[in-house]
Amino acid sequence: MHLELTTCVLRSWKTSDAEALVRYANNRNIWLNLRDRFPHPYTPRDALRFFDSIFGQEPETVLAIDVGGEAIGGVGYALQKDVDRVSAELGYWIGEPFWGRGIATEVVKVLTGHALARHQLTRVFGMPFSRNVASCRVLEKAGYVFEGTLRRSAIKDGVILDQCLYGYIP
């Protein structure tokens, strides 16, 4: 897949992205805002495990965020199952040197539209930790609506956290 945006390109991951992936993903500030399946420290072995888990995936739902020919982050959506099969959960991260440039907002807007159209979804949602104010703001700027707080619903780095539920309904 290859989607040209104004701030970046959304494209398929390549094994040649491993070095950049490790460089940007091996960051505690990023890890603190993601699920535990995203390891820290992030090693070359983790990059290879990640590639093994997504290569050949149909449909392709996990993409690299590319700036200047370099993978500087990732974005994806998880199609839900059973009665939730009309929904998908969106997740994303961007290397810290690229924060504050509007990349995440554009990525979220474009991939949300793609997911809705490609899979005939009725809803896409995101659930950042409440302390991740920047990510909450990204979702709001991308047209997501705050639906509520899931109080004390997660644990990260030994700390019990609230999650914010944001939904996008076309």
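Note: hydrogens, waters and symmetry copies are ignored here, and every other heavy atom, side chains too, is used. In this text the structure is predicted, and so the values were computed from the model without any measurement.
Following chains of ILVMFWY side-chain contacts shorter than 4.5 Å, one cannot reach Val108 starting from Val9, and the two form parts of different hydrophobic clusters. Taking hydrophobic clusters as Ile, Leu, Val, Met, Phe, Trp and Tyr residues chained together by side-chain heavy-atom distances below 4.5 Å, Val159 shares a cluster with Phe129. Linking Ile, Leu, Val, Met, Phe, Trp and Tyr residues whenever their side-chain heavy atoms come within less than 4.5 Å places Leu3 and Trp13 in a single cluster. Ile169 and Tyr144 are not part of a single hydrophobic cluster, where members link through side-chain heavy atoms under 4.5 Å apart. Hydrophobic cluster membership differs between Leu150 and Leu161, with clusters built from Ile, Leu, Val, Met, Phe, Trp and Tyr side chains linked at under 4.5 angstrom.
Panel note: side chain Asp162, backbone Arg152; a donor-acceptor pair is recorded below 3.5 Å. Within the 3.5 Å criterion, the main-chain N or O of Pro41 finds no donor-acceptor partner in the side chain of Trp31. Between the Thr122 side chain and the Val86 main chain, a donor and an acceptor come within less than 3.5 Å of each other. Under a 3.5 Å cut-off, the side chain of Glu60 and the backbone N or O of Met1 do form a donor-acceptor pair. A donor-acceptor pair under 3.5 Å is formed between the side chain of Gln80 and the backbone N or O of Ala78.
Taking the side chain as every heavy atom from C-beta outward, Phe125 and Asp84 never approach each other to under 4.5 Å. For the pair Val67 and Thr7, the minimum side-chain heavy-atom distance is 4.5 Å or more. Proximity of Tyr42 to Leu21: side-chain heavy atoms (C-beta onward) are separated by under 4.5 Å at one or more points. Inter-residue side-chain proximity for Phe38 and Ile30 is flagged as met; some heavy-atom pair is nearer than 4.5 Å. The shortest side-chain heavy-atom distance between Tyr24 and Pro97 falls under the 4.5 Å cut-off. Side-chain atoms of Cys136 and Phe146, non-hydrogen and from C-beta on, never get closer than 4.5 Å to each other. Using a 4.5 Å heavy-atom threshold, the side chains of Leu79 and Leu121 count as touching.
For the atom pair OG of Ser53 and CG of Leu48, the computed distance is 11.0 Å after rounding to the nearest 0.5 Å. Taking OH of Tyr168 as the reference point, atom CD of Glu147 lies at 13.0 Å (rounded to 0.5 Å). In this structure, CG in Asp17 is found 11.5 Å from CD1 in Ile72, a value given to the nearest 0.5 Å. Taking CZ of Arg137 as the start and CG of Asn132 as the end, the distance is 13.5 Å to the nearest 0.5 Å. To the nearest 0.5 angstrom, Ser87 atom OG is 9.5 Å from Leu116 atom CG. How far NZ of Lys156 is from CZ of Arg131: 8.0 Å, rounded to the nearest 0.5 Å.
The aromatic rings of Phe55 and Phe51 lie parallel to each other, their planes meeting at an angle below 30°, with 60° marking the opposite boundary.
The two residues Gln120 and Ala117 have their closest heavy-atom pair at NE2-O, 3.3 Å. Taking both residues in full, the closest heavy atoms of Ala20 and Glu70 are given as CB-CG, 3.7 Å, listed atom of the first, atom of the second, then distance. Contact detail for Arg28 and His40: the closest heavy-atom pair is N-CE1, 3.4 Å. Listed here is the closest heavy atom pair of Ile94 and Trp99: O-NE1, 2.6 Å.
Counting heavy atoms of neighbouring residues, nucleotides and ligands inside a 6.0 Å radius, atom CD of Glu140 exceeds 12 of them. The local environment of CZ in Arg45 is sparse, with at most 12 non-hydrogen atoms from other residues, nucleotides or ligands closer than 6.0 Å.
Here Lys109 does not pair with Glu106 in a salt bridge; the nearest charged N to carboxylate O distance is not below 4.0 Å. A salt bridge links Asp46 to Arg49: one of the charged nitrogens lies within less than 4.0 Å of a carboxylate oxygen.
Side-chain atoms of Gln163 and Ser153 form a donor-acceptor pair, as typed in the model, at a separation below 3.5 Å. Checking Tyr92 against Ser135 by side-chain atom types alone, a donor-acceptor pair falls below 3.5 Å.
Exactly one residue among Glu89, Arg118, His119 makes a side chain to side chain donor-acceptor pair (under 3.5 Å) with Tyr77. That residue is His119.
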